[in-house]
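These notes concern the structure reproduced below.
We count ligands from 1, going down the list as the structure has it; atoms in each ligand are counted the same way. The figures that follow rest on heavy atoms only: side chains count, while hydrogens, waters and symmetry mates do not.
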Amino acid sequence: MRQIHVIGGGLAGSEAAFQAAEAGVKVILHEMRPTRPTFAHQTEALAELVCSNSFRSDDWLNNAVGLLHEEMRRAGSLVMRAADAHKLPAGGALAVDRHGFSAAVTAALQAHPNIAIRREEITRLPPPQDGLCIIATGPLTSEALGAAILAATGEDSLAFFDAIAPIVHRDSIDFDIAWMQSRYDKKGPGGGDADYINLPLDEQQYKDFVAALIAGEKTDFKDWEKSTPYFEACLPIEVMAERGPETLRFGPMKPVGLQDPRGESRPYAVVQLRQDNALGTLWNMVGFQTKLRHGEQSRIFRTIPGLENAEFARLGGLHRNTFINSPRLLDRQLRLKSQPHLRFAGQVTGVEGYVESAAIGLLAGRLAAAEALGGEQAPPPPQTAFGALLGHITGGADAKTFQPMNVNFGLFQDLEVGTNPRTGKPMKIKGGDRKQAMARRALAALEDWLAKKPDPV
Ligand SMILES: Cc1cc2nc3c(=O)[nH]c(=O)nc-3n(C[C@H](O)[C@H](O)[C@H](O)COP(=O)(O)OP(=O)(O)OC[C@H]3O[C@@H](n4cnc5c(N)ncnc54)[C@H](O)[C@@H]3O)c2cc1C
């Protein structure tokens, strides 16, 4: 049996190490923190959440990331086990106490008899005689290893921006103005329907705020950043503001499903804050990722009603992201085609998000373990969220325009529902029914895949 090296103990590497170890393979997990820090990580814990504490929607029947949660749970995910054990109230979303979460992942890996953890930076790609290797070094892959990957792939790694949202101390928010409510009073995993702090703006306040965002001083671009496209799902708030006066009101500041108990009519716009720690003392401004200068952020965000005296635990910022051209470089087993003892997992493969990164880690761990044990595990079927995401990065996406991707139903195989016997045309299921049918189909296909033993090679 070959051993497996996992490089990087983030969301993907932690899950990959756990899955391989559970399959009975010896794993060495290499994590460079705390010896070598990154600009975003703040602790030495494994699976640290570097920004938001949300795993997004937990609704498996209607939302693709919720479905991915459920598939991961059924596949015995350590990340989901720890997230469920440390969840916080957050409406329909799965939010976690970040410290409790990463402490639980770290403890489980440290206690695992098949896992050895080494705190060291890996600066070169291990040769085949060292065993199999999973590279899960994330968007902030260290420079030396990044250069080694570049040399091995012959491809330019790409870089783009994500931006961090500010975090506010709850006791600095004015609750004569703010109120608690989840959008449409939707119940979350914790059972609550009033999980968010809401701040109302009238029309004039909204217009002034948008103007201030546009006029505010931004961080300078570095040369290498200038040609980098933004990731559409994580646009800085001031970039959204620049796109049109109504963009924010139809985006992160939308007022639908929210009623100010003190107001006579629905607010013109609303800023929402989501709980960020178990104590409930810190709240993050939902969708307010920004590249405004820090001084400008405090000044402009304090013009929001209820935040006049806000104290910020952390201000927003920019970060870079490194990912490889997976559709061109990787096979369906997540192996580098040119050096198949090397697998990639997590954000570095061009998926986007904590959950997606951990999910690809889970697959890499299982696929590598089967290989280490002398067999070959078929990749998950395309009807599953696992398979849809994997299929996208390993061939579904156009290599020429490849950009990081969150899981979504657009990546799934369409439903085959036969032809209409009257018209002879293909029948279609639309909207929510279509998503639900896809979700049910996914879980059925997943059960078959999980029951399958690896094929001997
Ligand atoms: C600043 C920032 C904010 C983000 N915010 C969010 C968010 O709010 N929500 C969301 O869903 N996603 C967010 N992302 C995107 C992404 O989901 C996370 O980065 C996620 O942590 C990716 O998981 P990963 O396992 O691929 O990488 P990571 O979790 O970053 O893990 C990689 C690990 O590899 C280690 N490492 C790097 N190089 C080496 C080396 N040479 N040798 C040994 N170890 C090494 C790092 O120290 C790190 O622990 C954000 C990303 C960044 C950078």
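Taking a cutoff of 4.0 Å between a charged side-chain nitrogen and a carboxylate oxygen, R293 and E296 do not qualify as a salt bridge.
You'll find the side chain of V270 reaches within 4.5 Å of the side chain of N198, heavy atoms only. Using a 4.5 Å heavy-atom cutoff, the side chains of Y184 and V256 are in contact.
Considering both main-chain and side-chain atoms, C51 never comes within under 3.5 Å of ligand 1 through any nitrogen or oxygen pair. Residue-to-ligand polar distances keep E352 apart from ligand 1: every N/O pair is separated by 3.5 Å or more. Residue V50 has no N or O atom closer than 3.5 Å to an N or O atom of ligand 1. Distances between N or O atoms of E121 and those of ligand 1 include no value under 3.5 Å. Looking at V348 next to ligand 1, no N or O pair under 3.5 Å apart turns up. Residue-to-ligand polar distances place S142 within reach of ligand 1: an N/O pair is separated by less than 3.5 Å. Ligand 1 has an N or O atom lying under 3.5 Å from an N or O atom of R33, backbone or side chain. Backbone and side-chain nitrogen or oxygen atoms of F39 are examined, and none is located within less than 3.5 angstrom of a nitrogen or oxygen of ligand 1. Backbone and side-chain nitrogen or oxygen atoms of E31 are examined, and one is located within less than 3.5 angstrom of a nitrogen or oxygen of ligand 1.
For the atom pair I304 CD1 and L201 CG, the distance stands at 6.5 Å (nearest 0.5 Å). To the nearest 0.5 Å, atoms OG (S102) and NE2 (H41) are separated by 10.0 Å.
No donor-acceptor pair closer than 3.5 Å links the side chain of N284 to the backbone N or O of V168.
R183 and Q272 are linked by a side-chain donor-acceptor pair at a separation below 3.5 angstrom, with hydrogens and angles left out of the test. N62 and Q436 are linked by a side-chain donor-acceptor pair at a separation below 3.5 angstrom, with hydrogens and angles left out of the test. For the residue pair H69 and D58, a side-chain donor N or O sits within less than 3.5 Å of a side-chain acceptor on the partner. For the residue pair Q42 / E48, no side-chain donor-acceptor distance below 3.5 Å is found, with atom types taken as modelled. Counted by atom type alone, Q377 and R366 present zero donor-acceptor pairs between their side chains at under 3.5 Å.
Heavy-atom contacts of A40 reach the following atoms of ligand 1: 1 (C) (cutoff under 4.0 Å). When each atom of ligand 1 is checked for a heavy atom of A136 under 4.0 Å away, the hits are 32 (C), 33 (C), 34 (O). Atom numbering of ligand 1 starts at 1 in the shown order; those under 4.0 Å from a heavy atom of H30 are 43 (C), 44 (N). Short contacts between ligand 1 and G346, defined as distances under 4.0 Å to a heavy atom of the residue, involve ligand atoms 26 (O). For ligand 1, the atoms closer than 4.0 angstrom to any heavy atom of G10 are 25 (O), 28 (P), 29 (O), 31 (O), 33 (C), 49 (O). Near P139, meaning under 4.0 Å from one of its heavy atoms, ligand 1 places the atoms 19 (O), 27 (O), 30 (O), 53 (C). Atoms of ligand 1 lying under 4.0 Å from at least one heavy atom of L145, given by number and element, are 41 (N). The distance from ligand 1 to the heavy atoms of L11 drops below 4.0 Å at these ligand atoms: 21 (O), 23 (O), 25 (O), 29 (O).
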Take F209 and Y206, measure what ring pair (Phe, Tyr, Trp, His ring centres under 6.0 Å) needs, and give me the verdict at the end.
CA-CA 5 Å; F209 180 68; Y206 173 78; 7.6 Å; no
Full working for salt bridge (Lys or Arg N to Asp or Glu O under 4.0 Å) between R36 and E121:
CA-CA 7 Å; R36 183 176 277 273; E121 180 192 359; 2.5 Å; yes
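Contacts between S52 and ligand 1 below 4.0 angstrom, taking non-hydrogen atoms only, involve backbone and side chain alike. If you look at A12 next to ligand 1, the close heavy atoms, those under 4.0 Å, come from the backbone and the side chain alike. When non-hydrogen atoms are compared, ligand 1 lies under 4.0 Å from the backbone of M32 as well as from its side chain. At a 4.0 Å heavy-atom cut-off, ligand 1 touches I7 through the side chain alone. With a 4.0 Å heavy-atom cut-off, ligand 1 is reached by no atom of A144.
Close to ligand 1: E120, with a non-hydrogen atom less than 4.0 angstrom away.
Using bins of under 30°, 30° to 60° and over 60° for the plane-to-plane angle, the ring pair W449/F386 lands in the tilted bin. Classification of the H112-F18 ring pair by plane angle, with boundaries at 30° and 60°, yields perpendicular.
Between the choices Q347, H41, R36, the shortest heavy-atom distance to atom 30 (O) of ligand 1 belongs to H41. Of all the listed residues (V6, L29, I122, N53), I122 holds the heavy atom that lies closest to atom 41 (N) of ligand 1.
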